[in-house]
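One structure is given below, encoded as structure tokens.
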Amino acid sequence: MSAAQLATAAGPKARVAGGYTALLIVSLLAPLVFPAYVTQFAFLWVLVVIALCWNVMGGEMGYNSFGNIVFFGVGMYATSVVQVGLYGDVGAYTAAKGGLALDLTVTQYFVGLGVGMFAGALLAVALAGILGLGMLGLRGHYFAIGTLGLGIAAAELAAGWDWIGAGSGMVPPNYPDAAGIDRTTVFYYLAFILAVATFFTLKRLRRGRFGLAINAIRDDEDKAEAMGLHTTRYKTVAWCVSAFFTAFAGGIVGNIVGFIDPRTVAFAGVTYGVWMVLMTVLGGKGTLWGPVVGAAVFHVTQELFWTYLLGWQRVALGLLIVLIVVFFPKGIVGYIRDKWPEKFGYTVDESATGAAADPAQQGGTR
Amino acid sequence: MSPLLEVNNVSKAFGGVQANHDISLQVADGEIAGIIGPNGSGKTTLFNSIVGAHPIDRGSIKFRDEELSRLRVPHIARRGLLRTFQQTRIYKQMTCVENMLISRPHANETLGSMLADFDEADYREAGELLELVGLYAKRNLQAGELSFGQQKLLEFAMALMNNPKMLLLDEPTAGINPTLINGLLERLVYANRELGITLLVIEHNMRVIMSLAQRIYCLAHGQLLAEGAPETVRNDPRVIDAYLGGQ
Ligand SMILES: Nc1ncnc2c1ncn2[C@@H]1O[C@H](COP(=O)(O)OP(=O)(O)O)[C@@H](O)[C@H]1O
Ligand SMILES: [Mg+2]
């Protein structure tokens with residue numbers, strides 16, 4: 001019995017590789033073929049990332065977190081603060097309310113951006129660790145309710161903190177004209193790289209001890225404890241992983257939007273905060289591809305609604321959500337998985353020997 | 001030599017219900033001991049007390065000479081004292097293999113080991129134990145799809161995967177098709193003899209416990225009624241009374 005034999009059948013390797021290659025080519029070429037939509041595409045990857053991250057908590061672990069928006073906002077602010085702080089005085093910069101432009105060289109700009117995003121991600125991880133140790137002792141619903149206030153509290157704190165611009169927000173440094181490549185294209189590729197890194201990191205983590213531990217916590221946390229799992233540790237690490245990539249997404253969005261408002265851009269609970277949940281539920285909680293599919297379907301529908309149903313787009317979106325929850329409670333990928341379980345590797349191994357002597361062979365259900 | 005598990009004068013009440021009253025028992029290393037008693041006599045409560053699922057009111061519980069009564073469930077489990085549940089508990093949305101893999105021992109967990117992949121040895125052991133309980137062919141099915149009896153077998157295999165020193169089994173044959181019971185018994189004996197796991201088994205089925213256990217404790221109304229060799233306990237008039245009275 002080797003690992004390969006035991007592991008869930010992955011399907012023909014060549015076809016999988018082909019699929020990934022096709023996706024890669026489409027994604028790399030998209031900005032060149034549809035230059036008018038580059039910003040939209042960049043947002044798609046950002047949405048994929050925050051949905052994937054939310055799925056770690058709400059889907060894979062069964063802990064509905066309404067606090068992930070905090071990491072998004074923290075990543076956004078921290079990135080810009082570092083971008084400015086490396087080359088100027090943050091307090092003076094924000095006090096000028098955009099009147100004090102930093103003229104950064106190309107190198108300065110990208111160093112600041114890179115350092116800023118990593119600093120933001122580490123800050124978010126630290127915050128998730130601290131909040132997690134305090135809140136992840138709570139079970140399921142209590143945790144969800146406890147996280148409800150986090151985004152609002154963070155928004156109010158940011159809106160009252162003069163150093164980062166308080167209620168008037170903060171403007172990330174200007175993109176250097178000398179860069180020779182269009183700003184939106186740069187952020188498209190950054191968002192794409194982030195999405196790929198997030199996807200494959202989570203794909204790897206979910207089949208290892210981490211992934212199975214958080215699934216076990218979702219299925220029966222009492223059992224997991226009775227089996228000796230360090231449940232609080234796993235839960236906290238899960239939130240940290242989720243926070244890490246969410247913060248990068250925030251750093252990118254702050255720079256794409258070009259203006260960080262504490263309530264409507266950074267700690268935007270009613271938009272990004274709700275969307276990350278919706279996209280995951282739409283695509284299928286607890287599946288690998290669900291958040292990706294959910295983000296794509298959500299983003300496209302939302303754009304179509306904006307274009308064709310102007311004025312009614314929020315009503316249409318609300319109706320869509322109701323329809324999905326009623327008719328596809330397990331989401332798109334969850335529905336497909338229930339319909340064709342064998343495609344997902346849920347199969348009986350007819351070739352296994354010794355079946356006749358097995359006590360379990362009698363009275364099976366399928 | 002001191003016993004592996006030593007329960008001394010343990011009491012536990014839920015509101016007005018005295019579920020365990022002044023219970024003492026010892027299980028020696030390598031032994032198979034049994035607990036019998038009518039429904040509601042406090043058997044499951046005693047297991048819960050031992051594994052730290054709730055604080056006890058009085059008494060002491062020692063495992064390998066270490067006091068357990070202030071430790072919490074996962075800490076006790078990681079010391080090699082594991083229990084299975086009367087209402088079988090497995091991870092329903094995970095496959096059988098996944099249920100097995102995540103049941104590997106969790107002592108000495110570091111951030112590195114938490115984020116690590118399973119290795120070849122983990123897969124091999126999972127496969128072998130699934131083979132032992134006859135679930136190998138179904139290893140890639142979601143555990144929730146299994147029949148009740150199969151779920152019990154899976155839970156038992158998961159416990160073995162955890163490599164415990166001692167296993168507390170709460171009615172392992174309840175709800176299992178009678179034709180499967182002998183197979184399960186063989187596996188319990190195998191775990192004891194070949195894997196060196198000490199067993200303490202709550203059992204309703206008299207035939208089963210008589211053939212399995214070397215010593216038996218009988219509880220009634222939260223109190224220890226009798227203890228001794230299976231034959232002695234079965235013929236004890238107080239035990240016969242408790243069972244007949246309980247019917
Ligand atoms: N968590 C609990 N809360 C209140 N009463 C309980 C609880 N657990 C058990 N009891 C009561 O304790 C008594 C013993 O129950 P239990 O230990 O489950 O018996 P057994 O396993 O021998 O059938 C019963 O009267 C039961 O109702
Ligand atoms: Mg019981």
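The model shown is predicted, which means the values in this text are computed figures rather than measured ones. Every chain is numbered from 1 and lettered A, B, ... according to where its sequence line falls, protein lines coming before strand lines.
- Interface check for chain A: of the options R89(B), Q142(B), M161(B), the most heavy-atom pairs under 4.5 Å are formed by R89(B).
- Atom CZ of R139(A) is surrounded by more than 12 heavy atoms from other residues, nucleotides or ligands within 6.0 Å.
- Between chain A and the residues K152(B), M94(B), E155(B), E186(B), the largest count of heavy-atom pairs under 4.5 Å involves M94(B).
- Interface check for chain A: of the options S103(B), P105(B), A107(B), S113(B), the most heavy-atom pairs under 4.5 Å are formed by S113(B).
- Across all non-hydrogen atoms, the minimal contact from E225(A) to R72(B) is OE1-NH2, 3.3 Å.
- For the pair Y91(B) and A224(A), the tightest heavy-atom approach, listed with the atom from each and the gap, is OH-CA, 3.2 Å.
- Atom OH of Y142(A) is surrounded by 12 or fewer heavy atoms from other residues, nucleotides or ligands within 6.0 Å.
- Residues M227(A) and A77(B) approach most closely at C-CB, 4.0 Å, considering heavy atoms.
- L229(A) touches chain B through backbone and side chain together, each having a heavy atom under 4.5 Å away.
- For K165(B), the NZ atom sits in a packed shell: over 12 heavy atoms of surrounding residues, nucleotides or ligands are nearer than 6.0 Å.
- Side-chain atoms of R209(A) do not come within 3.5 Å of backbone N or O of A116(B) as any donor-acceptor pair.
- When every heavy atom of L111(B) is checked against every heavy atom of V237(A), the shortest pair comes out as CD1-CG2, 3.8 Å.
- Interface remark: V51(B) contributes no atoms to any contact with chain A (heavy atom separation under 4.5 Å).
- Taking CG of D117(B) as the reference point, atom CZ of F210(A) lies at 13.0 Å (rounded to 0.5 Å).
- When the shell of 6.0 Å around CZ of F118(A) is examined, it contains 12 or fewer heavy atoms from other residues, nucleotides or ligands.
- Taking 4.0 Å as the cut-off between side-chain N and carboxylate O, D220(A) and K92(B) do not count as a salt-bridged pair.
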Starting from the C-alpha separation in whole Å, work towards a yes-or-no answer on side-chain contact (heavy atoms from CB on, under 4.5 Å) for M158(B) and K223(A).
-> CA-CA 11 Å; M158(B) 287 160 70; K223(A) 174 69 179 177; 3.9 Å; yes
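- Neither the backbone nor the side chain of R79(B) has a heavy atom closer than 4.5 Å to any heavy atom of chain A.
- Residue-environment remark: CZ (F14(B)) exceeds the threshold of 12 foreign heavy atoms within 6.0 Å.
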Go through the steps for N215(A) and Q93(B) under the test side-chain contact (heavy atoms from CB on, under 4.5 Å), then give the verdict.
-> CA-CA 8 Å; N215(A) 284 168; Q93(B) 294 183 57; over 6 Å; no
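- Contacts of A53(B) with chain A are absent, with no heavy-atom separation under 4.5 Å from either backbone or side chain.
- Atom CZ in F118(B) sits 4.0 Å away from atom CG in L212(A) (nearest 0.5 Å).
- Atom CG of L135(B) is separated from atom CG of D349(A) by 12.5 Å, given to the nearest 0.5 angstrom.
- By the neighbour-count criterion of 12 heavy atoms within 6.0 Å, atom OH of Y335(A) is sparsely surrounded, having that number or fewer from other residues, nucleotides or ligands.
- If you measure heavy-atom distances from R218(A) to chain B, the contacts under 4.5 Å come from the side chain alone.
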